[in-house]
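Shown next, in structure tokens, is the structure this report addresses.
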Protein chains: 2
Amino acid sequence: MTYCCGVLVRDGLVMIADTRTNAGLDNISTFRKLHIFEEPGHHVLGLASAGNLSVTQSVVSLLHEGVEDHEAGERHQLRECRTMFQAAQLVGNAIRQVHRVNGAVMEQSSVNFDVSFLLGGQIAGGPLRLFMIYSAGNFIECTQDTPFLQIGEHKYGKPVLDRAVVYDMEIAEALKSSLISMDSTMRSNLGVGLPIDVLVVTPDTLRSELAFRIEPGEPYFHDLRERWSAALRAAHASIPRPPYLKDVRTHAMTEV
Amino acid sequence: MTYCCGVLVRDGLVMIADTRTNAGLDNISTFRKLHIFEEPGHHVLGLASAGNLSVTQSVVSLLHEGVEDHEAGERHQLRECRTMFQAAQLVGNAIRQVHRVNGAVMEQSSVNFDVSFLLGGQIAGGPLRLFMIYSAGNFIECTQDTPFLQIGEHKYGKPVLDRAVVYDMEIAEALKSSLISMDSTMRSNLGVGLPIDVLVVTPDTLRSELAFRIEPGEPYFHDLRERWSAALRAAHASIPRPPYLKDVRTHAMTEV
């Protein structure tokens, strides 16, 4: 499994991805799923992937080497795109190119051709944007109303984002929310695990503000996990008990 | 969609279920999914269901009218079971009986025969127990190590239970945790909604301690939702910001 999320607020973009892959529970490995394409001053792009690893790695390789454009008889690399919309289209084209080669045979072998990507970043001359691209190569864009997108094992970490993330929050708060969301996912699903890759991009800098790997034992994330657990326990304790149960003799009471 | 959970602690059993059903987003209705079978002094059973409504309703009807036992040439009702294990077996047999009649035709029509049940309660002479029964009629039992089971849209509400629920907690706390878990699910999935049915059974009483429907606007649950949101916001705010971003010029800072 995989969990990746992207948060796009006024102050910038956060992308995080775990690194755990599994082909069955007895075959667990660490693979980078957050890929950074960066030429400072020209473009900075983060591409996070979920789904079949052979497909997602091929897509990343094609984006480096060039995706075929049959009509024009050309190949296009991600670095040549002039807008984020064109970059999202190119990722979609790369997925379709892999599908043309492998899709039918994978399906015959009952292997799902099931991938999704988050593409975020900025290309000189345009704004910072964030897209989610599906298996068929179609995509949606993140907007201010719901300033985050998730791929992979997204449900465990969604309640935290639903409550906390707004377009006006500061970038450090957006990163904090993303890490809490990752923590919730890791606690409930063993298929998502450390290390975690993090990319932060602030508007109009055209370089990565932060491109960082959180390894097991990293002090801040360890502390965040402990504090969040303690704060949730305190939040839980602060809520009054249901009044529906009036005279229940509980085990604790009978011991008194 | 559906969300139901059962919590079995030393002090008793809590079962909760939402009531929203949908056949497409444009066909949303309210149906009871938590069914209570009770003869005070003899047995008290709660049966919560998720999945195809035509199947789950047929299973409930069979448990009232009698499930066929082909080998013995008899029919058995849930009220006749002498142990909770036999009751779980009977629910499994009822699912298989519905599958024999409808399974093949449903599959031909591309309708999933996909159901699951939680069965909890106590029968005179035995302990309070909780089971989860799958589409094939097989089942697992809740144990002290993980004293809860969930069916339906379970992922959103699992992190809350993973952190809060332990076998030694009091029954009122178990009910509170269940309701917080339901709130998290309702916030992130429109397919789960009010009213919520609640059953509480304490050991060796052989009657329902509480069989209650939480309607929209019910004061305690409304207050719980408000308080939990506020407490989560406070918990979020109490966590220090990531130290990875040192000199980012944020929008908020540039406004100063």
Side-chain angles (χ1 to χ4, degrees), chain A residues 9-12 153-164 168 170-173 175-177 179-180 183-185 187-189 198 200 202-203 209-210 212 214 219-221 223-224 227-245 248-253, chain B residues 9-12 153-164 168 170-173 175-177 179-180 183-185 187-189 198 200 202-203 209-210 212 214 219-221 223-224 227-245 248-253:
Chain A
V9 296
R10 179 181 289 117
D11 276 348
E153 187 61 272
H154 65 282
K155 292 186 180 181
Y156 300 112
K158 186 167 185 286
V160 169
L161 298 177
D162 277 336
R163 290 172 192 276
D168 291 327
E170 291 181 28
I171 189 74
E173 293 290 322
L175 176 55
K176 195 174 88 177
S177 299
L179 293 174
I180 293 172
D183 171 52
S184 290
T185 310
R187 275 190 78 95
S188 290
N189 190 321
V198 177
V200 174
T202 51
E209 192 69 42
L210 178 71
F212 184 61
I214 298 174
Y220 172 76
F221 189 62
D223 181 62
L224 174 143
R227 283 176 187 259
W228 182 244
S229 275
L232 283 192
R233 280 194 298 273
H236 197 277
S238 75
I239 292 179
R241 293 179 176 191
Y244 321 131
L245 288 164
V248 179
R249 285 171 58 83
T250 68
H251 179 80
M253 287 166 71
Chain B
V9 296
R10 179 180 290 117
D11 276 347
E153 188 59 272
H154 65 282
K155 292 186 180 181
Y156 300 110
K158 186 166 183 289
V160 169
L161 298 177
D162 278 335
R163 290 173 192 275
D168 290 327
E170 291 181 28
I171 190 74
E173 292 291 322
L175 176 55
K176 194 172 88 178
S177 299
L179 293 174
I180 293 172
D183 171 52
S184 291
T185 309
R187 276 190 78 96
S188 289
N189 190 321
V198 177
V200 175
T202 52
E209 192 68 41
L210 178 72
F212 185 59
I214 298 174
Y220 172 76
F221 188 62
D223 181 62
L224 175 144
R227 283 176 186 260
W228 183 244
S229 275
L232 284 192
R233 280 194 299 273
H236 197 277
S238 76
I239 292 179
R241 291 177 177 193
Y244 319 131
L245 288 164
V248 179
R249 286 172 57 82
T250 69
H251 179 81
M253 287 167 72

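Every chain is numbered from 1 and lettered A, B, ... according to where its sequence line falls, protein lines coming before strand lines.
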Quick check on [X] against chain B: is it the side chain, the backbone, both or neither that has a heavy atom closer than 4.5 Å?
| X | value |
| --- | --- |
| A:L161 | neither |
| A:T185 | neither |
| A:I180 | side chain |
| A:A230 | neither |
| A:P203 | neither |

What part of [X] lies closer than 4.5 angstrom to a heavy atom of chain A: side chain, backbone, both or neither?
| X | result |
| --- | --- |
| B:Y244 | both |
| B:P240 | both |
| B:L232 | both |

Residue, of B:S184, B:S238, B:G12, B:S177, that accumulates the most heavy atom pairs under 4.5 Å with chain A: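 Most heavy-atom pairs under 4.5 Å with chain A: B:S177.
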Greatest number of heavy atom pairs closer than 4.5 Å to chain A - which of B:A164, B:S188, B:A231: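 Heavy-atom pair counts peak at B:S188.
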Residue pair A:E170 / A:D11: nearest heavy atoms and the distance that separates them: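 Heavy-atom minimum between the residues: CA-OD2, 3.6 Å.
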Least distance between heavy atoms, A:F221 atom then A:I214 atom: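 Nearest pair, atom of A:F221 first, then A:I214: CB-CG2, 3.7 Å.
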Heavy-atom side-chain proximity of A:L175 to A:L210 below 4.5 angstrom: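 Of all side-chain heavy-atom pairs linking A:L210 with A:L175, at least one is under 4.5 Å.
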Check: B:R241 and A:E173 side chains under 4.5 Å, non-hydrogen atoms: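 The answer is yes; the side chains approach within 4.5 Å.
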Set of salt bridge (Lys or Arg N to Asp or Glu O under 4.0 Å) partners for A:R187, sequence neighbours left out: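 Not a single residue meets the salt bridge (Lys or Arg N to Asp or Glu O under 4.0 Å) criterion with A:R187.
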B:K176 side chain to A:H236 backbone, donor-acceptor under 3.5 Å: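 Indeed, once roles are kept as given, a pair shorter than 3.5 Å links the two residues.
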Gap between atom CD1 of A:I239 and atom CH2 of B:W228 - 0.5 Å precision: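 One gets 5.5 Å once the value is rounded to the nearest 0.5 Å.
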